[in-house]
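Below, each value reflects all heavy atoms present in this structure, side chains not excepted, and no hydrogens, waters or symmetry copies. All chains are named by letter (A, B, ...) in the order of the sequence lines, taking the proteins before the strands, and each is independently numbered beginning at 1.
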Protein chains: 2
Amino acid sequence: MENMSLREKKKIETKNRIFEVSGKLFKEKGFENTTIDEITKEAGIAKGTFFNYFPTKESLVFYFAEQKADLIYDLTENETIDHLHTKEKIKKFLVALAESYEKDKDLTRSLFFEYGRYIKNPRNAPDKNRNPHSRLIKTILDLLEEGIEKREVKVSIDARIAAEVLNAVYFHTLVVWLKSDSELSFSRDISAKIDLLFGGIGDEYNVGYRS
Amino acid sequence: MENMSLREKKKIETKNRIFEVSGKLFKEKGFENTTIDEITKEAGIAKGTFFNYFPTKESLVFYFAEQKADLIYDLTENETIDHLHTKEKIKKFLVALAESYEKDKDLTRSLFFEYGRYIKNPRNAPDKNRNPHSRLIKTILDLLEEGIEKREVKVSIDARIAAEVLNAVYFHTLVVWLKSDSELSFSRDISAKIDLLFGGIGDEYNVGYRS
DNA sequence: TTTTAAATATGACCATGGTCATTGATGACC
DNA sequence: GGTCATCAATGACCATGGTCATATTTAAAA
């Protein structure tokens with residue numbers, strides 16, 4: 001921070017200012033109702049400058065997501081849940097994550113909107129390792145592998161696939177919940193689904209079928 | 001069709017023309033690269049007229065999705081798969097659905113984009129019962145309930161939750177596949193995940209944990 | 001047939017996200 | 001401290017999705 005050129009310092013400062021002003025305006029009026037013009041005016045920069053820092057308006061959303069995620073991911077290292085069964089650990093983690101999103105539904109909606117968008121247009125995609133999606137999968141994967149060691153998870157499963165499935169269910173449940181406007185159901189919903197995933201759908205007593 | 005007023009006939013004709021021209025242009029240049037101006041010009045109508053028929057450009061995508069889905073859903077009534085195990089039936093159905101989307105990847109990407117969008121803005125949402133998402137869940141649900149009767153699926157599970165989980169996994173796998181640009185992996189991927197879902201993640205031999 | 005009311009079509013207009021040639025600030029080098 | 005190449009800031013400009021007051025067409029009433 002000290003041995004930085006004036007240019008570098010200014011750059012960081014400008015980016016931060018854009019970020020702060022955006023956050024403030026999004027909270028006040030929502031993501032959709034905030035225009036680039038407003039952001040740049042409030043930040044005291046020209047419109048074009050914004051696009052020197054963020055390729056699109058939507059790409060801003062990722063930065064919020066990342067920031068929020070940072071607060072949550074510590075949970076996995078939290079010792080108070082260390083004694084729990086793998087299933088409960090995963091549940092706790094996903095519910096906590098969802099609850100943090102719950103606080104800013106509008107921005108969260110925009111995140112999923114943008115998630116869809118960057119499928120089509122990788123230009124907006126953030127750094128692969130930083131992106132919330134990859135991090136979530138990785139965290140679940142770690143928990144599962146730990147669970148396999150403890151024999152709380154089937155040794156025979158492919159942990160990577162299982163992580164993707166859990167992630168899919170989490171993601172989808174969140175989408176449904178965002179759509180439904182009912183604030184209450186999410187944790188119950190995700191819990192029931194995780195139970196189902198751990199127990200399986202198929203009837204193991206039905207010997208009439210194999211593989 | 002005969003006892004229709006001139007007005008009604010024209011309306012239907014115009015809507016169909018918009019639909020056909022859109023499809024043609026989307027195939028030629030992709031959804032994003034086709035403008036409303038082009039569509040209306042090619043269809044011989046004014047720009048405003050378009051919005052008398054479709055509230056947004058994106059809402060068009062749903063009509064394509066519906067149309068495509070109609071071709072696929074007959075599969076569930078297809079007698080050639082009637083003898084299969086519930087798991088295989090579901091697999092076959094989801095793979096077939098995905099393969100039909102595979103043929104028009106650009107439009108499919110736009111569909112998922114729009115899926116995200118209408119979470120935020122219900123204005124674009126199509127009729128609830130017609131929408132591909134609801135239909136998919138309902139179809140899976142039917143298959144599962146049939147499977148419960150045949151004891152190929154655990155009696156104890158909530159079929160509705162299981163259907164949502166399967167749907168989530170399907171949806172998510174499709175998204176990942178759309179993103180990855182690898183044409184080959186989808187059916188393998190979804191098959192592995194369905195296997196996992198039927199078998200379960202938890203280790204049933206680990207008696208040290210219950211519920 | 002003429003009048004009237006309602007449905008539909010129209011395109012000028014607007015808002016806003018995004019671009020880019022130009023201008024200005026910075027710092028490496030002499 | 002002056003020169004110049006590089007990097008960043010700027011805002012006029014553009015493209016495009018979407019709106020709306022007005023004009024036109026149709027159906028019904030008189």
Side-chain angles (χ1 to χ4, degrees), chain A residues 2-19 21-22 25-26 28-63 110 113-114 116-118 120-125, chain B residues 2-19 21-22 25-26 28-63 110 113-114 116-118 120-125:
Chain A
E2 264 314 309
N3 53 358
M4 246 177 189
S5 70
L6 177 57
R7 227 177 221 169
E8 280 171 308
K9 271 192 271 184
K10 271 195 176 174
K11 248 184 117 173
I12 290 175
E13 209 180 291
T14 302
K15 187 161 190 175
N16 283 342
R17 198 154 69 254
I18 293 173
F19 189 64
V21 167
S22 301
L25 290 176
F26 292 167
E28 272 172 35
K29 357 181 359 185
F31 179 79
E32 292 279 293
N33 298 324
T34 304
T35 67
I36 306 272
D37 275 340
E38 287 172 310
I39 293 171
T40 53
K41 202 174 152 197
E42 178 109 7
I45 55 172
K47 192 178 179 180
T49 304
F50 177 92
F51 293 98
N52 289 341
Y53 291 92
F54 298 93
T56 65
K57 181 187 176 189
E58 274 79 21
S59 67
L60 258 179
V61 172
F62 279 113
Y63 288 83
S110 298
F113 173 59
E114 175 56 15
R117 185 170 186 89
Y118 100 86
K120 289 199 315 176
N121 185 2
R123 181 170 60 124
N124 291 343
Chain B
E2 263 315 311
N3 54 357
M4 246 177 191
S5 70
L6 175 55
R7 224 172 226 176
E8 280 170 310
K9 270 192 272 186
K10 273 194 174 174
K11 244 183 120 173
I12 290 174
E13 210 180 291
T14 301
K15 186 161 189 174
N16 283 342
R17 199 153 69 254
I18 293 174
F19 190 64
V21 167
S22 302
L25 291 176
F26 291 167
E28 273 172 34
K29 359 182 353 185
F31 178 79
E32 293 277 292
N33 298 323
T34 305
T35 65
I36 306 269
D37 275 339
E38 287 171 311
I39 294 171
T40 53
K41 202 175 153 194
E42 178 108 9
I45 57 173
K47 192 176 179 181
T49 305
F50 177 92
F51 292 97
N52 289 340
Y53 290 91
F54 298 93
T56 65
K57 182 188 176 188
E58 274 79 20
S59 67
L60 259 177
V61 172
F62 280 111
Y63 288 83
S110 298
F113 173 59
E114 177 55 18
R117 188 173 183 84
Y118 99 87
K120 289 199 315 175
N121 187 1
R123 180 170 61 124
N124 292 342

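Looking at the side chain of Glu58(B), the nearest of the listed nucleotides dG17(C), dG18(D), dA25(C) is dG18(D).
In this entry the distance linking NZ of Lys15(B) with P of dA9(C) reads 12 Å, nearest Å. Separating the CG atom of Leu60(A) from the C1' atom of dG17(C) is a distance of 13 Å, rounded to the nearest angstrom. For the pair Lys9(A) NZ and dC7(D) C1', the interatomic distance rounds to 17 Å; values are reported in whole Å. Look at CZ on Phe31(B): it is 11 Å from C1' on dG17(D), rounded to the nearest Å. Whole-Å rounding puts the Ile36(A) CD1 to dC13(D) P distance at 20 Å. Here dA15(C) presents its C1' atom at 13 Å from CD of Glu32(A), a figure rounded to the nearest Å. Straight-line distance from the NZ atom of Lys10(B) to the C1' atom of dA27(D): 13 Å, rounded to whole Å. One atom, CZ of Arg17(B), and another, P of dT8(C), lie 15 Å apart when rounded to the nearest Å.
Under the 4.5 Å side-chain criterion, counting only non-hydrogen atoms from C-beta, Ile39(A) is in contact with Phe26(A). Considering only heavy atoms from C-beta on, Phe50(A) comes within 4.5 Å of Leu60(A) through its side chain. The side-chain heavy atoms of Arg7(B) and Lys11(B), taken from C-beta on, include no pair separated by under 4.5 Å.
Contacts with DNA chain D (heavy atom under 4.0 Å) in residues 41-51 of chain B: Lys47(B), Phe51(B), listed by number.
Looking at every heavy atom in both residues, Ile45(A) comes nearest to Arg17(A) through CG2-NH2, 4.1 Å. In terms of heavy-atom proximity, Lys47(A) sits nearest to Thr40(A) at CA-CG2, 3.7 Å. Listed here is the closest heavy atom pair of Gly30(B) and Thr34(B): O-OG1, 2.7 Å.
Annotation: of the two residues near DNA chain C, Asn52(A) and Thr34(A), the 5′-most nearest-nucleotide partner is Thr34(A).
Contacts of Tyr53(A) with the nucleic acid, taken as non-hydrogen atoms under 4.0 Å apart, involve only primed sugar atoms and P, OP1 or OP2.
The phosphate of dA7(C) (OP1 or OP2) has no side-chain N or O of Lys11(B) nearer than 4.0 angstrom. For dT16(D), the OP1/OP2 oxygens have no side-chain nitrogen or oxygen of Lys57(B) closer than 4.0 Å.
At least one donor-acceptor pair under 3.5 Å links the side chain of Lys57(B) to the backbone N or O of Phe31(B).
Rounded to the nearest 0.5 Å, atoms CD (Glu28(B)) and CD (Glu38(B)) are 9.5 Å apart.
More than 12 heavy atoms of other residues, nucleotides or ligands sit less than 6.0 Å from atom NZ of Lys15(B).
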Could you list all N or O pairs between the protein and nucleotides 27-30 of chain C that sit under 3.5 Å apart?
from: dG27(C); atom 1: OP1; to: Leu6(A); atom 2: N; distance (Å): 2.6
from: dG27(C); atom 1: OP1; to: Arg7(A); atom 2: N; distance (Å): 2.9

